[in-house]
Amino acid sequence: MTGGGAPVINIEGLTRRFGAHVALDAVSLSLPRGGVYGLVGANGAGKTTLIRHILGLLRAEQGSVRVFGLDPVADPVGVLSRIGYLSEENDLPGWMRVHELIRYTRAFYPRWDDAYAEELRGAFALDASAKVGNLSKGQKARAGLLIALAYRPELLVLDEPSSGLDPIVRRDILGAVIRTIADEGRTVLFSSHLLEEVEQVADHVTMIDHGRIVLSAPLDSIKESHRAGAHVPSLDEIFVARVAASPAGTAG
Ligand code: ATP
């Protein structure tokens, strides 16, 4: 459930250009604490660029970004120590063994939870002595998720967490993990172009197209407002309709 209070993420009028290309166009977004926020958009829509601003990897050239009320570029420690992050690339050090990766990562986080890390390792069926570089893509994603979760971050940011994961892992692991975090009152922001999956786990959906937010609302109210008689459209159908209707054009 989405909670009240100060927003975890507050973005106002964020515009980002790469040369002549406008990757984010006057984006404003306020995410209250607690709940699962799905960020959806076609390839190149601007999802990763938005996430990179939230993590302080890109400086806001125009507009402002606040995470926990802090500027993530000015205060990277204050912000990043409270965020768990799993990137699309998930570039973990291949030469480490799983237990070394866990030991190495825990050194950065005073609130690291050993028992939880071990529980996740078991649930994810990860061999502690396996070399990270020899893990399959799905196993690497599980390892990345483990180290993003084991310090129980207030905000978990997942950029296309499903890429490379098989459907069982997606449904059983990712879905369960995301729901558990939200049920504990923490916040999850995840980007995806798999709308069916977003529909299964998100409380709130933000659609982005050509750098603009075309829709941002609780999933239930999005579905209700797009209902046509007895037919309640899928998020996929709503996305196609909204993106085709936006001034920027197509979903391609
Ligand atoms: P995908 O689903 O394919 O990952 P996305 O929604 O995450 O897409 P972004 O990666 O945010 O999209 O990219 C938005 C736009 O900005 C794209 O047109 C991309 O080519 C461009 N872009 C992103 N980063 C850079 C960069 N460092 N230099 C130049 N252009 C960039």
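Position 1 is the first residue of the sequence; numbering continues from there. Both ligands and their constituent atoms are indexed starting at 1 by order of listing.
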- Message: Check for me whether R106 meets the cation-pi criterion with Y151, that is, NZ or CZ under 6.0 Å from the six-membered ring centre and within 45 degrees of the ring axis.
- Response: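 Not flagged: R106 not positioned over aromatic ring of Y151.
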List, pair by pair, the atoms of ligand 1 and of the protein that are both N or O and lie under 3.5 Å apart, giving the separation rounded to 0.1 Å.
{"residue": "ligand 1", "atom": "2 (O)", "partner": "N43", "partner atom": "ND2", "Å": "3.2"}
{"residue": "ligand 1", "atom": "2 (O)", "partner": "K47", "partner atom": "NZ", "Å": "2.9"}
{"residue": "ligand 1", "atom": "3 (O)", "partner": "N43", "partner atom": "ND2", "Å": "3.0"}
{"residue": "ligand 1", "atom": "3 (O)", "partner": "G44", "partner atom": "N", "Å": "3.4"}
{"residue": "ligand 1", "atom": "6 (O)", "partner": "A45", "partner atom": "N", "Å": "3.1"}
{"residue": "ligand 1", "atom": "6 (O)", "partner": "G46", "partner atom": "N", "Å": "2.9"}
{"residue": "ligand 1", "atom": "6 (O)", "partner": "K47", "partner atom": "N", "Å": "2.9"}
{"residue": "ligand 1", "atom": "6 (O)", "partner": "K47", "partner atom": "NZ", "Å": "2.9"}
{"residue": "ligand 1", "atom": "7 (O)", "partner": "T48", "partner atom": "N", "Å": "2.8"}
{"residue": "ligand 1", "atom": "7 (O)", "partner": "T48", "partner atom": "OG1", "Å": "2.7"}
{"residue": "ligand 1", "atom": "8 (O)", "partner": "G44", "partner atom": "N", "Å": "2.7"}
{"residue": "ligand 1", "atom": "11 (O)", "partner": "T48", "partner atom": "N", "Å": "3.4"}
{"residue": "ligand 1", "atom": "11 (O)", "partner": "T49", "partner atom": "N", "Å": "2.9"}
{"residue": "ligand 1", "atom": "11 (O)", "partner": "T49", "partner atom": "OG1", "Å": "2.6"}
{"residue": "ligand 1", "atom": "12 (O)", "partner": "G46", "partner atom": "N", "Å": "3.3"}
{"residue": "ligand 1", "atom": "18 (O)", "partner": "H21", "partner atom": "NE2", "Å": "3.1"}

- Does L58 sit in a hydrophobic cluster with other residues, and if so which ones, taking ILVMFWY side chains as linked at heavy-atom separations under 4.5 Å, directly or through other members?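 In the cluster with L58 are F18.
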Would you be so kind as to tabulate the donor-acceptor pairs closer than 3.5 Å made by side chains of residues 118-131, with sequence neighbours excluded?
{"residue": "E118", "atom": "OE1", "partner": "R121", "partner atom": "NE", "Å": "3.3"}
{"residue": "E118", "atom": "OE2", "partner": "R121", "partner atom": "NE", "Å": "3.3"}
{"residue": "E118", "atom": "OE2", "partner": "R121", "partner atom": "NH2", "Å": "2.6"}
{"residue": "R121", "atom": "NH1", "partner": "L126", "partner atom": "O", "Å": "2.5"}
{"residue": "D127", "atom": "OD1", "partner": "S129", "partner atom": "N", "Å": "3.0"}
{"residue": "D127", "atom": "OD1", "partner": "S129", "partner atom": "OG", "Å": "3.0"}

- R16 and E61 ion-paired at < 4.0 Å: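 Salt bridge flag = yes for E61 with R16.
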- Message: Looking at R33 and E154, is any side-chain nitrogen of the basic one under 4.0 Å from a carboxylate oxygen of the acidic one?
- Response: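 Yes, this pair counts.
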- Which residue pairs pass the salt bridge (charged side-chain N to carboxylate O under 4.0 Å, His left out) test with at least one member in residues 216-226, sequence neighbours excluded?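 Only E199-K223, E224-R227 qualify under salt bridge (charged side-chain N to carboxylate O under 4.0 Å, His left out).
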